2 protein chains.
Amino acid sequence: MFSTTCKYGIRAVLYLAIKSTNDSKIGVDELADTLCIPKHFLAKILQVLTKNKVVSSSKGRHGGFYLKKRNKQINLMKIIEVLDGTNRLTCCILGLETCDSTHACPYHNIVQQFRNDFYQKLENETIGEAAQRIDEHDFNLKNL
Amino acid sequence: MFSTTCKYGIRAVLYLAIKSTNDSKIGVDELADTLCIPKHFLAKILQVLTKNKVVSSSKGRHGGFYLKKRNKQINLMKIIEVLDGTNRLTCCILGLETCDSTHACPYHNIVQQFRNDFYQKLENETIGEAAQRIDEHDFNLKNL
DNA sequence: CAATATTAAGATAAAAAGGTCTTAAAATAC
DNA sequence: GTATTTTAAGACCTTTTTATCTTAATATTG
């Protein structure tokens, strides 16, 4: 469903949303260690997210990655668009080029219903809201 | 969700279920052409499915691939197990090693509900039944 | 039995995804 | 201003996935 890149990206952003502040940024090393993500690979992903203004960063002493208020108002779908593009989410589950309600594959309907629900959640929930939800329900982002 | 291999495989099997009979087998060339699947790649996939007794084949003149009654009684999930394994279907959407109801990732619940529905369909519907459903509702298997 | 049509099998190649390393650039602290 | 810490950028490597090609084996037809 998501590429490995995207999975790593989502987890990293949500972790930053929960743990980082303007005054306490988080470096790649720490992020990679706590989330069990290959360090250099994560660095690459964070670069892309930074360039696309999904996360913020600053170099030098006490630098690192963090989320501004602005960043927290972005919705989750943005992360996926940036890292995977949207095609991956919308393409037919059997790989057909045209698969819609009038030319449906045998699984279009059951899949479409789920997608509507799931993508609506990703579209409607901001990174900040997701972070809060994770905190409240003690959802998991790290490998145990 | 499914690998390209698996997408091709499902489409090919369902097409065979609809169009082939014991007396009128379908060659790789025809299958690949009608379904727009790379010929040699499809041949490989059909080999695997044959070896796992999901489809039947015979060589020589008027040979080709086809489904016996037995094959039509196999459920759809079998195709996925053979071509993709089950891990791909059950693994956490964020890639976490442990993600269950007690250690859930932020999207576990919404995804799990869909999976239950979808996989139940794949488990419970035989290839033959799927073929009939496709015929009845005129569902699509080819690229238009 | 010979010719032909077809799958089976395995080697190989190409492309994409995942992951690593090195150097540059920038910011900060002293 | 220099040393240090950190991200930025890009080159490079590895693995997996997707795709192709060639030859062998097998069945059928005449």
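Because only heavy atoms are used, hydrogens play no part in the values below, and waters and symmetry mates are left out as well, while side chains stay in. Proteins get letters first, then strands, A, B, ... in listed order; numbering begins at 1 in each. None of the values given here were measured: they were computed from a predicted structure.
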B/Asp84 side chain vs B/Ile80 backbone, donor-acceptor pair below 3.5 Å: no

For DNA chain C, the residues among residues 39-73 of chain A that have a non-hydrogen atom under 4.0 Å from it: A/His40, A/Phe41, A/Lys59, A/Gly60, A/Arg61, A/His62

Aromatic plane relationship, B/Tyr107 with A/Phe118 - under 30° parallel, 30 to 60° tilted, over 60° perpendicular: perpendicular

Near-ring test A/Tyr8/A/Phe41, centroid separation under 6.0 angstrom: yes

Separation between CG of A/Leu14 and CZ of A/Arg133, rounded to the nearest 0.5 Å: 8.5 Å

N/O (side chain, B/Tyr8) to phosphate O (OP1/OP2, D/dA19) under 4.0 Å: yes

Interatomic distance, A/Leu16 CG vs D/dT7 P [rounded to whole Å]: 11 Å

Separation of atom CG in A/Asp29 from atom C1' in C/dT20, rounded to whole Å: 14 Å

Expected output: side-chain B/Arg88 to main-chain B/Met1 donor-acceptor under 3.5 Å: yes

Atom CD of A/Glu97: over 12 foreign heavy atoms under 6.0 Å: no

Interatomic distance, B/Leu35 CG vs D/dA19 C1' [rounded to whole Å]: 17 Å

Any B/Thr4 side-chain nitrogen or oxygen under 4.0 Å from OP1 or OP2 of D/dT17: no

Whole-Å gap separating C1' (C/dA16) and CG (A/Leu83): 16 Å

Touch class at under 4.0 angstrom, heavy-atom based, for B/Ile26 against every strand present: sugar-phosphate

Length of the line joining B/Asp23:CG and D/dT28:P, which is rounded to integer Å: 13 Å

Rounded distance (Å) that lies between atom C1' of D/dT16 and atom CG of B/Asn87: 15 Å

5' precedence on DNA chain D between B/Pro38 and B/Arg88 (nearest-nucleotide basis): B/Arg88

